[in-house]
2 protein chains.
Amino acid sequence: MRPYSQVLERLRASGLRPTRQRLALAKLLFDKGDRHVTAEILHAEAMSANIRVSLATVYNTLHQFTAAKLLREIVVDSSRSYFDTNTDPHHHFYFEDSGRLADIPGDQVVVAEVPSPPAGTTIESVEVVIRLAEEAA
Amino acid sequence: MRPYSQVLERLRASGLRPTRQRLALAKLLFDKGDRHVTAEILHAEAMSANIRVSLATVYNTLHQFTAAKLLREIVVDSSRSYFDTNTDPHHHFYFEDSGRLADIPGDQVVVAEVPSPPAGTTIESVEVVIRLAEEAA
DNA sequence: GTGTTTGCAAAGTGTTTGCAATTTA
DNA sequence: TAAATTGCAAACACTTTGCAAACAC
């Protein structure tokens, strides 16, 4: 977890001014434990919390937070971007029917034998996504 | 590898008429070994091969082939869809700078300890993507 | 002939951008 | 007050859709 109190210093360290919008979005993101949000979800939450923020600013903020390593972007759906408040290396369940994303807890997935990267490249990340269908087999 | 010769029967089995466009696209896809294409790439290839196909038909065909299990869709980039002619379970390197996708050969990645799926769900697939940055560390 | 498929152009969706007005330091 | 940030609307890239013409069986 990344307490909201750390956010202010993190923003400063990244040269991001702690504006009303950024602080409010940070509060929504980091006050409730680990979360997976899309821009649209976060914008809707801000609206219901009576925070006036444009969708464009939500997009900007999500990307700035990602650059500041407060968030991690997760690619599971070619039509939407997800952002994860848990930036530690870990993996995901993706519920295909509902579009929900969930962390796979702890070390429940282990990738053994990671291959060495092709010459001239470096491994940025190793991501495991387990796609799930709702309903039993 | 899935020889082109099997395609015709596969199409019939899926209730897809072997039209000029579908056969030509199948030839492009399956005659050259394992491939990773986007709709735009395949359309461009068809154009240079003097095959008259609209982009809309390329999209339709890619989805129909995917439904017929001749292709597998790979999600690595939230702005483009990739299709893989290798439908066997396997994993991928993704070259973030160039947008290229490559199979990780054989058993060079092993996911040990796949967690059991949450109640009421079935595992559809386990996908590993190793994201690569070009240039050495 | 009948139902399927195609191609086009228009519509759709999620995301980004240009720029004037506003806010922060 | 200088520089950063916001909000809006327009622009964007990729993908899907509606429908008449062309095609497969």
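Throughout, a chain's letter reflects where its sequence line sits, starting with A, and its residues are numbered from 1.
- Of all nucleotides listed (D:dA3, D:dC14, D:dG7), D:dA3 comes nearest to the side chain of A:R17.
- Protein chain B contacts DNA chain C from C:dG3 to C:dC8, reading 5' to 3' and using non-hydrogen atoms of the protein with a distance under 4.0 Å.
- In this structure, the CG atom of B:L8 is 14 Å from the C1' atom of D:dC25, given to the nearest Å.
- The OH atom of A:Y59 sits 19 Å away from the C1' atom of D:dT5 (whole-angstrom rounding).
- Looking at A:L8 and A:R12, their side chains come closer than 4.5 Å, going by heavy atoms from C-beta outward.
- Two residues, B:N60 and B:R12, neighbour DNA chain D, and the one matched to the more 5' nucleotide by heavy-atom proximity is B:N60.
- As judged by a 4.0 angstrom heavy-atom cut-off over every strand, B:S81 is placed among residues touching the sugar-phosphate backbone only.
- The CG atom of B:L23 sits 15 Å away from the P atom of D:dC23 (whole-angstrom rounding).
- Of all heavy-atom pairs between B:G99 and B:R80, the closest is CA-NH2, 4.1 Å.
- With contacts defined as side-chain heavy-atom distances shorter than 4.5 Å, the pair B:E124/A:E96 qualifies.
- Nearest-nucleotide positions on DNA chain C for B:S78 and B:T61 put B:T61 closer to the 5' end.
- Partners of A:H92 under the side-chain contact (heavy atoms from CB on, under 4.5 Å) rule, at least two apart in sequence or in another chain, are A:H36, A:R72, A:I74, A:D84, A:H90, A:L101, A:D103.
- Residues B:E40 and B:P18 each lie close to DNA chain D; by heavy-atom proximity, the contact nearer the 5' end of the strand is made by B:E40.
- In this structure, the CD1 atom of B:I41 is 11 Å from the P atom of D:dC14, given to the nearest Å.
- Residue A:T19 places no side-chain N or O under 4.0 Å from the OP1 or OP2 atom of D:dA4.
- Between B:H63 and D:dT15 there is no side-chain N or O to OP1 or OP2 distance below 4.0 Å.
- Between A:S81 and B:S78, the closest side-chain pair of non-hydrogen atoms falls below 4.5 Å.
- When hydrophobic side chains of Ile, Leu, Val, Met, Phe, Trp and Tyr are connected at separations under 4.5 Å, A:V75 ends up clustered with B:V75.
- Atom-to-atom, CZ of A:R20 to C1' of D:dT5 comes out at 11 Å; the value is rounded to the nearest Å.
- If you check D:dA2 for Watson-Crick or wobble pairing at under 3.5 angstrom, you find it paired to C:dT24.
- The CG atom of A:L55 sits 16 Å away from the C1' atom of D:dT5 (whole-angstrom rounding).
- Residues B:P115 and A:V109 have side chains in contact (heavy-atom distance under 4.5 Å, counting atoms from C-beta outward).
- Pairing partner, D:dA22: C:dT4, with both Watson-Crick or wobble hydrogen-bond distances short of 3.5 Å.
- Distance A:I51 CD1 to D:dT6 P: 13 Å, rounded to the nearest Å.
- Between B:Q21 and the phosphate of D:dC23, there is no side-chain N or O to OP1/OP2 separation shorter than 4.0 Å.
- In this structure, A:L62 atom CG and D:dT5 atom C1' are separated by 16 Å, rounded to whole Å.
- Put simply, NE2 on B:H43 and OG on B:S48 are 10.0 Å apart, with the number rounded to the nearest 0.5 Å.
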